[in-house]
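Below is one structure, written out as structure tokens, with a few remarks after it.
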Amino acid sequence: MQLLSLLNLALFIVGLSSRASALLKDGRAHGNMNRQAAMPKIPAPDPSIPVVSKNGTELPPYDTVYIFNQLIDHNNPELGTFEQRFWHTYENYEPGGPVIFTTPGEVNADGYTAYLNNLTINGLLAAQQNGTTVFFEHRFYGQSNPYNNLSSESFRVHTIQQAIDDIEYFAKNVHLPMPNGDQMTPDRVPWVMMGGSYAGALTSWTMTNKPGLFAAGYASSAVVEAIGDFWRFFVPIQENMPRNCSADVQKTIQHIDTVLMGENQTAIQEVKNIFGLTNVTHLDDVAGSLRNNLWDWQSLSVTSGPNTTFTRFCDALEVKNGQVSGPDGWGVDHALPAWGKFWTDGYLSHLCGANDIETCFETHDGTEDYFTNIEVDNENRSWQWIVCNEVGFLQESAPEGQPTLVSRLIQPAYELRQCQLMFPDAFPQPPNLDAGIAQTNSKYEGWSVNTANIFFANGQRDPWREATVSAETLSQADLKISQSAIGLSDGFHCTDLSTKAGTVSTLVKAVQDKGLAQLGKWLSTWKPRGNGHTNQPKPAPHQPSKKAAAAVDVKPVNAWFTGIKASEANA
């Protein structure tokens with residue numbers, strides 16, 4: 001009997017593991033989770049090429065990880081510190097040059113080393129201004145965690161304000177791993193904050209909240225305005241995708257809504273079968289899943305070329321027997337089965353990877369791993385906490401009377417229910433986002449930002465455009481920031497952060513040049529102030545963890561940080 005019980009237990013565990021969800025290929029937890037407002041990961045510099053300073057000194061590789069002892073809670077320093085990772089190089093530095101600072105935002109920061117060199121606009125600015133570049137990992141992402149779990153209780157210190165306070169504390173207290181690195185505080189040398197998407201918004205929010213900390217800022221695709229029902233995420237997609245494809249998507253979604261909201265169970269099952277979603281139980285999950293073809297738009301750039309997933313999707317709908325439809329599309333009779341064939345011929349497996357279809361799209365089972373897993377280095381969970389409390393950005397159908405690419409079954413309540421399932425102890429009921437969003441926009445000024453020395457670079461084809469200062473809903477009277485501090489190109493999401501994009505699009509290059517010129521102008525007027533002393537408590541001298549200590553291959557420059565190769569730190 002004991003052996004049988006153990007066997008049953010083993011089978012039970014295997015059964016559980018078979019239903020455990022793996023991340024989708026694009027990094028999301030499941031196929032009905034909104035895309036993050038994320039900064040793109042640009043291919044890293046060639047690691048075989050040594051990093052050399054201007055005087056010929058060979059420097060540590062770009063992927064060398066340094067550790068800063070950050071306060072767990074800036075409102076209660078008595079709680080102590082946690083290890084926050086950062087990366088740094090001074091290959092372009094000359095005395096008097098600025099510190100070019102960024103965080104990639106709501107992601108594990110491994111692999112973002114391109115933001116240290118001239119593959120990105122950060123490196124261009126460093127070369128132009130003889131600066132040193134730094135990027136650091138946002139709290140509760142990657143390996144930079146105040147606590148060893150991502151529970152709601154741990155997230156008590158996971159707020160936009162704590163992240164802003166991290167940046168200030170780092171800037172005022174870090175000893176950068178370079179000659180005279182302890183003399184690089186923002187009152188002695190100018191600091192420039194740069195970032196894209198959420199990290200771009202964080203640039204605006206930090207400079208608004210901490211006036212004078214940064215001499216200048218560059219905010220790409222900065223989603224400065226928190227918005228609850230962010231249905232306008234899909235407006236730039238609708239405006240810029242092929243007209244025939246947009247027309248057929250709208251008509252097909254309208255037809256699908258008519259079926260799914262009706263009572264004909266046979267017709268409902270036929271729609272599910274067409275898309276390979278036969279066993280997906282809840283109709284809102286069926287309808288919501290079709291957003292994935294639109295979310296693919298966020299991956300586009302001016303350097304993407306013609307053979308993208310989004311392009312293949314539209315070709316599947318609009319090319320019939322070798323002929324391309326007119327501007328109004330072929331209509332539902334062709335578009336619906338063509339869309340379904342696109343899914344079942346490879347898109348489903350491309351999207352869901354190792355997950356079964358139900359796990360990939362179902363959002364009503366609170367026991368699923370993506371709702372219950374509180375292990376660290378889970379960027380989806382960490383981002384959802386900010387979404388559910390402070391920024392919203394729920395990507396839903398358009399209001400009645402507006403054309404929509406998204407099923408009208410998908411309303412804010414669909415996402416808010418997922419907030420409740422993921423954080424049941426924090427939200428006994430689905431959260432009311434209005435208060436949190438109002439506070440975010442009031443405290444950090446949102447579209448009303450009027451902080452000096454920030455340049456905003458945006459893309460006309462960016463799906464996040466309507467949360468930036470280039471939103472089409474804004475009039476000139478609505479804006480307080482000068483037009484001279486805004487650049488709008490034909491780019492997509494954070495396109496201008498890549499220097500390669502500037503070689504492809506003259507409009508992107510013009511925005512990059514305008515931004516670099518503005519930053520140079522602002523930096524030219526900066527003057528040192530004070531003596532570098534801060535009134536903030538110093539963190540205790542850092543001792544690397546056992547894991548880190550075993551991986552050290554660069555001698556500590558001082559007690560504040562330790563050089564660790566990224567590949568070894570994660571071993």
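Sequence positions, counted from 1, serve as the residue numbers for this chain.
Among residues two or more places apart in sequence or in another chain, the side chain to side chain donor-acceptor pair (under 3.5 Å) test is passed with Ser289 by none. In this structure, the salt bridge (Lys or Arg N to Asp or Glu O under 4.0 Å) partners of Arg139, at least two apart in sequence or on a different chain, are Asp166.
Residue-environment remark: NZ (Lys521) stays at or below the threshold of 12 foreign heavy atoms within 6.0 Å. No more than 12 heavy atoms of other residues, nucleotides or ligands lie within 6.0 Å of NZ in Lys500, so this atom counts as exposed by the packing criterion. Residue Gln254 places its CD atom among 12 or fewer non-hydrogen atoms of other residues, nucleotides or ligands, all under 6.0 Å distant. The neighbour count for Lys509 NZ, taken as heavy atoms of other residues, nucleotides or ligands under 6.0 Å away, does not exceed 12. Counting non-hydrogen atoms of other residues, nucleotides and ligands closer than 6.0 Å to CZ of Arg243 gives a total of 12 or fewer.
Of the N and O atoms on the side chains of Asn32 and Thr363, not one donor lies less than 3.5 Å from an acceptor on the other residue. Side-chain polar atoms of Gln395 and Trp295 form a donor-acceptor pair below 3.5 angstrom. No side-chain donor from either of Thr113 and Asp63 sits under 3.5 Å from a side-chain acceptor of the other. In the model, Asn293 has a side-chain atom that pairs as donor or acceptor with a side-chain atom of Trp339 under 3.5 Å. At a cut-off of 3.5 Å, with distance as the only test, a side-chain donor of Thr208 or Thr451 sits close to an acceptor on the other residue. In summary, the side chains of Tyr90 and Asn130 do not present any donor paired with an acceptor at a separation below 3.5 Å, with no hydrogens or angles considered. Side-chain contact of Asn122 with Thr133: a donor-acceptor pair under 3.5 Å is absent, judged by distance alone. Looking at Asn307 and Arg312, their side chains do bring a donor and an acceptor atom within 3.5 Å of each other. Inspection of the Ser144 and Gln84 side chains reveals no N or O donor paired with an N or O acceptor under 3.5 Å.
Note: Tyr370 and His30 have tilted aromatic rings, judged against thresholds of 30 and 60 degrees for the angle between ring planes. The aromatic rings of Tyr198 and His138 lie tilted to each other, with the angle between the two planes from 30° to 60°. Ring orientation note: the planes of Phe233 and Phe230 are nearly perpendicular, at an angle over 60° on the 30°/60° scale. The aromatic rings of Phe101 and Phe214 lie tilted to each other, with the angle between the two planes from 30° to 60°. Ring geometry for Trp343 against Tyr347 counts as tilted: the plane angle lies between 30° and 60°, on a 0 to 90° scale.
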Output a table of donor-acceptor pairs, distance under 3.5 Å, between side-chain atoms of residues 39-50 and any protein atom two or more places apart or on a different chain; print 'none' if there are none.
{"residue": "Lys41", "atom": "NZ", "partner": "Asp110", "partner atom": "O", "Å": "3.3"}
{"residue": "Asp46", "atom": "OD1", "partner": "Ser48", "partner atom": "N", "Å": "2.9"}
{"residue": "Asp46", "atom": "OD1", "partner": "Ser48", "partner atom": "OG", "Å": "2.8"}
{"residue": "Asp46", "atom": "OD2", "partner": "Ser48", "partner atom": "OG", "Å": "3.1"}

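Under a 3.5 Å cut-off, the side chain of Lys272 and the backbone N or O of Val280 do form a donor-acceptor pair. Remark: the backbone N or O of Arg85 is not paired with any side-chain donor or acceptor of Gln143 at under 3.5 angstrom.
Here the side chains of Ser299 and Thr308 are not in contact, with every heavy-atom distance at 4.5 Å or above. Asn279 places none of its side-chain heavy atoms less than 4.5 Å from the side chain of Ile357.
A salt bridge links Asp296 to Arg35: at least one charged side-chain nitrogen sits closer than 4.0 Å to a carboxylate oxygen. Note on Glu472 versus Arg465: salt bridge recorded, some NZ/NE/NH1/NH2 to OD/OE distance being below 4.0 Å. Salt-bridge check for Arg461 with Glu239: failed, with every basic side-chain N at 4.0 Å or more from each acidic carboxylate O. With salt bridges taken as basic N to acidic carboxylate O contacts below 4.0 Å, one links Glu415 and Arg291.
Atom-to-atom distance recorded for Asp369:CG and Asn355:CG is 9.5 Å, nearest 0.5 angstrom.
Judged by the 6.0 Å and 45° rule, Arg417 forms a cation-pi pair with Tyr414.
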